[in-house]
Peer 1: 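Have a look at this one.
Numbered from 1 within each chain, the chains take letters A, B, ... in sequence-line order.
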Protein chains: 2
Amino acid sequence: MPIDRDRLWARLETLSRITEPDMPWTRRSFTPRFLEGRAWLAEEFRAVGLETTLDAGGNLIGRLPGTEQGLRPILIGSHSDTVPSGGRYDGMLGVLAALEVAQSLIESGRRLRHPLEVIDFLAEEPSEFQGLSCIGSRAMSGALTDEHMELRRADGTSLRDAITYVGGRPDQIASETRAAGSVAAYVEVHIEQGRMLEAEAIPLGIVTDIVGIRRERITVKGRADHAGATPMPLRSDALVGAAKLIERAYEKALATSRDVQPLVATFGKIEIWPNAANAVPGSVVMTLEVRCGSEAAVAAFGEQLLRELAPALADVRVTATAERVSHVAPVACAASIRSAIADAAASCRLAARDLPSGAGHDGVFVSRLGPVGMIFVPCLDGRSHAPEESIEPGQAEDGARALAGTVDLLDERLD
Amino acid sequence: MPIDRDRLWARLETLSRITEPDMPWTRRSFTPRFLEGRAWLAEEFRAVGLETTLDAGGNLIGRLPGTEQGLRPILIGSHSDTVPSGGRYDGMLGVLAALEVAQSLIESGRRLRHPLEVIDFLAEEPSEFQGLSCIGSRAMSGALTDEHMELRRADGTSLRDAITYVGGRPDQIASETRAAGSVAAYVEVHIEQGRMLEAEAIPLGIVTDIVGIRRERITVKGRADHAGATPMPLRSDALVGAAKLIERAYEKALATSRDVQPLVATFGKIEIWPNAANAVPGSVVMTLEVRCGSEAAVAAFGEQLLRELAPALADVRVTATAERVSHVAPVACAASIRSAIADAAASCRLAARDLPSGAGHDGVFVSRLGPVGMIFVPCLDGRSHAPEESIEPGQAEDGARALAGTVDLLDERLD
């Protein structure tokens, strides 16, 4: 399957220009701008000859029938929504590379044995509905609950109504849920969002697993006091306790760097009270986020951290407690798909290396339906979720070529 | 001079009840509620027989002439404004104890040699004008600049107009500025706002100095990255750098605890960017506040901290810089006033100990005009600037008795 680099790149340019003009590059799910992008995409899907539909969960699907009866579909795609002030490639590249593969296949006159579905999943990025992400892939895999449907954004709209707004059919989501085992394979091309490939000048990454992500709210309690009138030995400074936790979490995670499944730990969000220059901080609330391919490691980190630090916190007269906010188990990419990607890369003469995906993706939910795999391409300086997100046309092409080869191999190898 | 404990306590109760009803105990400077408190105070001043005026800087002054011509006045008082959701004693106690002393003197039929001025200084607490404090004492001592006068609060009102609003005369502040050496003594009774007196069950504190206060804005710069896609060794986490600074500042200040002039250091305010659970913090801005009786120690602390930590910050690939926000030099209380307070305490059979004032007070500015001293009384659990601020009637009485005795001794001893 030959990949038309210029066509792929032109589509990336066209879709990216459908943005909130004052805030590039923004196409938030459930907005008029998102529908504008979707309308363009649907037209492209149809124009290349895909049977184009919107499923009950609001996923845009372009289908190409296979030659053999009874085979399950191969799914390829990603998402077309962005974070606010996001980039031009996260999500879009996966959708448009999949479209390019389908078009190349159609134009070549060849047919796959398996049905092929090009999918633009709905709202992969954290949405306005309390940050819920992967809404379309959740819906497809039966992971979108009634509780989720009642989440409301600031203007009072429920997620249920928002799904209707984009053309989904909330009442049919349950009956359209796909069964476990109903998908032959799901493969997604995505930018790395990190610097490992770029640092090693390797054009392709073969994702080994999509890490588990656990968030815990860590509350450090001390005592707010007048900063002038409270001598150091009488203080219970919650921020000093928080500092000890931040440092230790960093050291603990750093120590796993060379492990087979390294762990990353981040205190990305912090609020202190009363937050005044002349007040000893009385309490600190922080979010600890832990990501790792090992679920046991993800689950244990926060508790271990607090247990290890308890004596040091007691020394400064503060206490810390943890409360689980969310926990998503890691998902291993299928060996069958990983080896197909590796073989496809080799036949394209493109170097590839294994690496974990530190970010969550729709594959986490699609893995309930069948084996999943991901192909990463480098992005400039690892920048993502920012206007500076950048790739070269050749890198987009590499991803699409690897995807085409992988689809071919999977079509041969899977029954 | 006999002190009427019940009268003093009743006045504290009356004034404290002049509060924003939904936010006790609040009487913010430059508000209708503040003027209500001032109107009541002025009426009380007049009723006991004080010549009551408002000076150009908006200070309420009740004057009692002395018997000898040409003697400079003895000033006693404090302030009647509060912080938001403040207490019922900070400031008020000093004004009402001073009023009680003046009334007792008048009722006894005795006259002092020196003129006595009971003063309610304007806006001692951080005001809505970019936090400027000690506005009345600054005006009286020539420390209120034209720049200060143009500070604006959120509604656009200038400090100049706000001073007019409370009855001051901004255009006359310069001509009414008192000269250096024009005040015989200034003595203020105040709650300790700390726990040293309570911990040792000592009823009176003799303030040795009002500490210098320096604030620096510390900016830690790293690099914001995707928390999932950035391995620990590639991170430049500004919050990890900030944590190192917070811990070291605590340790350094703690090490001075037993010094003659201990230093306290506080990171009370912190903001991080982008402050998202899934983002490695790219920058942190914190306020470092340092207080100490030694100006050299106050001035050197932040710079030393950054210098000592530079290698540790480089290890985690972040940098830190400091920018001075404010610097108020420490003020030593006059030996003459400290010994008068000690003698007065002894003659009341009240135990007293020396201690520094960790908080700033109007005395910092009045010290430009003459010798100053302060008398502290304990407050429950050291709580201050909070609704829980609490003292007993006997503690208010102790402060007023010590003040009365001190005024008597100073009147004898000063020329």
Peer 1: Heavy-atom cut-off 4.5 Å, strictly under: side chain, backbone, both or neither for Arg223(B) against chain A?
Peer 2: side chain
Peer 1: Measure distances from Ala265(B) to the heavy atoms of chain A and classify the residue's part below 4.5 Å as side chain, backbone, both or neither.
Peer 2: backbone
Peer 1: In terms of heavy-atom proximity below 4.5 Å to chain A, should Ala386(B) be classed as side chain, backbone, both, or neither?
Peer 2: neither
Peer 1: Name the region of Met286(B), side chain, backbone, both or neither, that has any atom closer than 4.5 Å to a heavy atom of chain A.
Peer 2: neither
Peer 1: Output every pair passing ring-ring contact (aromatic ring centres under 6.0 Å, His included) with a member in residues 222-247 of chain B, not counting sequence neighbours, ordered by first then second residue.
Peer 2: His385(A)-His226(B)
Peer 1: I need the residue from Ser357(A), Ala243(A), Ser257(A) with the largest number of non-hydrogen atom pairs under 4.5 Å to chain B.
Peer 2: Ala243(A)
Peer 1: Please classify the contact of Pro231(B) with chain A as side chain, backbone, both or neither, using a heavy-atom distance under 4.5 Å.
Peer 2: both
Peer 1: Could you list which of residues 267-278 of chain B have a heavy atom closer than 4.5 Å to any heavy atom of chain A, in residue-number order?
Peer 2: Phe267(B), Gly268(B), Lys269(B), Ile270(B), Ile272(B), Asn275(B), Ala276(B), Ala277(B), Asn278(B)
Peer 1: Among the options Leu239(B), Leu288(B), Leu263(B), pick out the one with the most heavy-atom pairs lying under 4.5 Å from chain A.
Peer 2: Leu239(B)
Peer 1: Within a strict 4.5 Å, meaning less than it, do heavy atoms of the Met232(B) and Lys252(A) side chains meet?
Peer 2: no
Peer 1: Please report the closest heavy-atom contact between Arg195(B) and Thr230(A), naming both atoms and the distance.
Peer 2: NH2-CG2, 3.5 Å
Peer 1: How far apart are the closest heavy atoms of Thr266(B) and Ala227(A), and which atoms are they?
Peer 2: OG1-CB, 3.5 Å
Peer 1: Between Arg291(A) and Gly228(B), what is the shortest heavy-atom contact and its length?
Peer 2: CD-CA, 3.3 Å
Peer 1: Looking at Pro233(B), Gly131(B), Ala224(B), Ser384(B), which one has more heavy-atom pairs under 4.5 Å with chain A than the rest?
Peer 2: Pro233(B)
Peer 1: Highest number of heavy-atom pairs under 4.5 Å with chain B: which of Asp237(A), Val264(A), Thr256(A)?
Peer 2: Val264(A)
Peer 1: Pick from Gly241(B), Pro126(B), Ala253(B): which one has the most heavy-atom pairs with chain A under 4.5 Å?
Peer 2: Ala253(B)
Peer 1: Residue by residue, scan residues 208-216 of chain B and write down, ordered by number, those that have a heavy-atom distance under 4.5 Å to chain A; if none do, write 'none'.
Peer 2: Arg215(B)
Peer 1: With ring-ring contact (aromatic ring centres under 6.0 Å, His included) as the rule and sequence neighbours excluded, what pairs involving residues 227-256 of chain A come up?
Peer 2: none
Peer 1: When heavy-atom pairs shorter than 4.5 Å are enumerated against chain A, which of Asp225(B), Val280(B), Thr287(B) gives the highest number?
Peer 2: Asp225(B)
